[in-house]
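Some notes on the structure that comes next.
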Protein chains: 2
Amino acid sequence: MSKPVRDDLPHLDKAGRPTLATVATLAGVHPSTASRALSSSLKGGVRVGSADTVERIRRIAKELGFSRNLHAAGLRTQRTSLAGVLVPRLTDLVLATIYEGIDEEARHHGYQTFVANTNDDEAERASKTDMLLARQVDGIVLGDARIDHDEIIEQLQARRVPFVLVSRRSQHHPSVTCDDYAGGRLAAQHLLDLGHRRVAVIAGEQYASTALDRLQGFADVYREAGHPLAPELVVPSRFDVAGGRRACQQILNTSGAAPTGVFVVNDFAAIGALGTLRSAGLTAGRDIAVIGYNDISLASELPLPLSSIRSPLHDMGTEAMRLLLAGMEGAEMTSKTLKPSLAARESTLGISTPA
Amino acid sequence: MSKPVRDDLPHLDKAGRPTLATVATLAGVHPSTASRALSSSLKGGVRVGSADTVERIRRIAKELGFSRNLHAAGLRTQRTSLAGVLVPRLTDLVLATIYEGIDEEARHHGYQTFVANTNDDEAERASKTDMLLARQVDGIVLGDARIDHDEIIEQLQARRVPFVLVSRRSQHHPSVTCDDYAGGRLAAQHLLDLGHRRVAVIAGEQYASTALDRLQGFADVYREAGHPLAPELVVPSRFDVAGGRRACQQILNTSGAAPTGVFVVNDFAAIGALGTLRSAGLTAGRDIAVIGYNDISLASELPLPLSSIRSPLHDMGTEAMRLLLAGMEGAEMTSKTLKPSLAARESTLGISTPA
DNA sequence: TCGATTGGCGCAAACGATTGGGCAGCTGTG
DNA sequence: CACAGCTGCCCAATCGTTTGCGCCAATCGA
């Protein structure tokens, strides 16, 4: 990086770090000249000084370890190179992976991201959104949209802040999602092919389009095949391990014929379900088939490898950011849908004993 | 939140959002008065206007949905209320959990956090640090410190930026960590108590104090017990699932007597190891004991519940932020060490077949 | 009635960077 | 030699907010 800051320079800021004026003074030019010299690398060289002046300024800036105050620059230019990201929780690996995609793409385009958890809570969503706006973000990626009436989205529209939804869609707003309906159908067809006629669904949160669409696709396939789902075997749940555990318990407690297969709309919840089944003395893959959703990296490595629907999480993030970048430049924003695929493993195929 | 922005107001910013001047004009006062009225809630009411003026200004601000431009404010006050956080990767649940603790505590004290991944890569660490400094953060939490020579830390010291390490320690720098040495000893004592004499260690990255300390504690107990570790059974690894898988494969390939137990310094790597064992036809908990580290929420829910050393991740985050806050106020910073504990489960205790 | 005190606000200068406009000094041409 | 055109840089305004200083009017005491 750079040499330590010296203490005997002109125009240092209060933290003792060099400012543009420091560089300019040392180079014997006006701050405006220094500004142009340092930013001409970014913009096509219009109105930039002579080659040796530019060279000298750049060298001095580097020697000083100067880095421009992005807030001051943003104040002047009205652009912060900041994109806000709102997610339910970063400890949810699914969202963390999407976020990494978002951030990666943002950096490739000179943007930085500011991320915050909302815990799917309305009050938190509102306050975190306000926080992002107070930080003057140039645009927002929303990872926690609600399917129906979403106040936050309306706020953003009213304030004309460019935004894009990711993972979850909401009405006609621009979004990048995985085709959850198709994914639900994939899961259903897989279980159906294996001969499962009576199946349960651990259905996730009912305000999330992901959960709803996956269930819808799944239910449609079973209905079309002449085996409509039993309503008591479709139970909502949280998306985490504990949620899956509870929902699975509820299914096991249901009277009537036990299901031979379970579709869990989220891998973490599926792991919770596996835990419950184990506690109940059932072996997944033999006594009951279990298929999850998202195909997180753990799924294939579990002591009992979990069948799952793979969705391109990282790509969803990068695509979402790309769409937002387009939107911030005033382009039309058209939603994008990525394709899921099936990853069949022991939890549905049965247990293969290796040699 | 607030009403939509009107278009016919004075002094809107370029994005059409109201500024302090908008509020002031509508309230018929000078911007400085408005500033004082709106910030007196924060600071003990010195030099603040009459009660009804303040009231009127606050009401108008709320009606307009005014929120102050934090960058402009920071420019003036030289304090951004921003803390930077550097972590190896947010998709590592361990770091994500620590980060949540950090962020939570920060918000309680009116700070926001700006987080970035460094992938434990020196170049990325440098550029992300520069980025945080360009954003004028008031302090930094480093979650990716190197045990030995750490350039980033020296930079921060030279620039007099308050910082604190979390999870990993480095020399004498202020840090909040879990007592990894003690944790390593716990794991060793557990395996020793169960009768394992020949054990392997999947030892993690050798630049991280967490990995080194855990191994050291583990090795010490075995040495003291008269069963020093076989060097070929101690293999470094990445911290993720794939890293554990590879390291475990290497251990299985080792000539000589096979170990009866494995200590993996990280739960994700432990899950990878479980995958390898399963592929090799070995059943963890019966053929070989496996114990991980961190006790992530999944560990207890796995089809084969994983024994692990629990470390208070969330608390480490909050404590780290507390320490940083103290440091930012100029207080002395003294490192803190939290205590780990043992969570023994089937992967070491053996498989209990439920009724 | 008048001077001293004080409460309530306004004024203007910052903070650090950017940028349109403009002013020198140079070269080239007729 | 005069003038146009160009190059290379500076000037000053500006972004939105904060804050030391000081003004004005109201209140009080004598």
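Here is how names work: the chains are called A, B, and so on, in the same order as the sequence lines, proteins then strands, and each is numbered from 1.
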Open item on the list: Quiz question: going by heavy-atom distance under 3.5 Å, is there a donor-acceptor pair between the base of dG8(D) and the side chain of Arg56(A)?
Closed with: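 Side chain to base: no pair below 3.5 Å.
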Task: Donor-acceptor pair under 3.5 Å, Arg36(B) side chain vs dG10(C) base - done: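 Indeed there is one.
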Task: No-hydrogen, no-angle side-chain donor-acceptor test under 3.5 Å, Asp120(B) and Tyr207(B) - done: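 Result is yes, a qualifying pair exists.
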Open item on the list: If we count only N and O atoms by modelled type, under 3.5 Å, do the side chains of Thr113(A) and Tyr99(A) hold a donor and an acceptor together?
Closed with: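 Tyr99(A) and Thr113(A) do have a side-chain donor-acceptor pair below 3.5 Å.
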Figure out the [atom1]/[atom2] separation between [X] and [N], and round it to whole Å.
| X | N | atom1 | atom2 | value |
| --- | --- | --- | --- | --- |
| Leu38(A) | dT19(C) | CG | P | 13 Å |
| Gln136(A) | dG16(D) | CD | C1' | 9 Å |
| Arg79(B) | dT19(D) | CZ | P | 10 Å |
| His30(B) | dG20(D) | NE2 | C1' | 14 Å |

Open item on the list: It should be established whether Thr33(B) places a side-chain nitrogen or oxygen under 4.0 Å from OP1 or OP2 of nucleotide dG10(C).
Closed with: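 For dG10(C), OP1 or OP2 has a side-chain N or O of Thr33(B) closer than 4.0 Å.
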Do any N or O atoms of the protein come closer than 3.5 Å to N or O atoms of nucleotides 14-16 of chain C, and which pairs are they?
unit_1  : atom_1 : unit_2   : atom_2 : d
dC15(C) : O3'    : Gln78(B) : NE2    : 2.9
dC15(C) : O2     : Arg76(B) : N      : 3.4
dG16(C) : N2     : Ala72(A) : O      : 3.1

Task: Note, Arg135(A) side chain near Leu82(B) side chain (heavy atom, < 4.5 Å) - done: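 Yes, at least one pair of side-chain atoms sits under 4.5 Å.
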TODO: Just grab all the salt bridge (Lys or Arg N to Asp or Glu O under 4.0 Å) pairs involving residues 82-92 of chain A, residues at least two apart or on different chains.
DONE: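 Matches after skipping sequence neighbours: Arg89(A)-Glu100(B).
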Open item on the list: Glu124(B): which residues meet the side chain to side chain donor-acceptor pair (under 3.5 Å) condition with it, sequence neighbours left out?
Closed with: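 Expected list: Asn119(B), Lys128(B).
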TODO: Taking only Lys NZ, Arg NE, NH1 and NH2, and the carboxylate oxygens of Asp or Glu, determine whether Glu122(B) and Arg146(B) approach each other closer than 4.0 Å.
DONE: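 Yes, charged N to carboxylate O under 4.0 Å.
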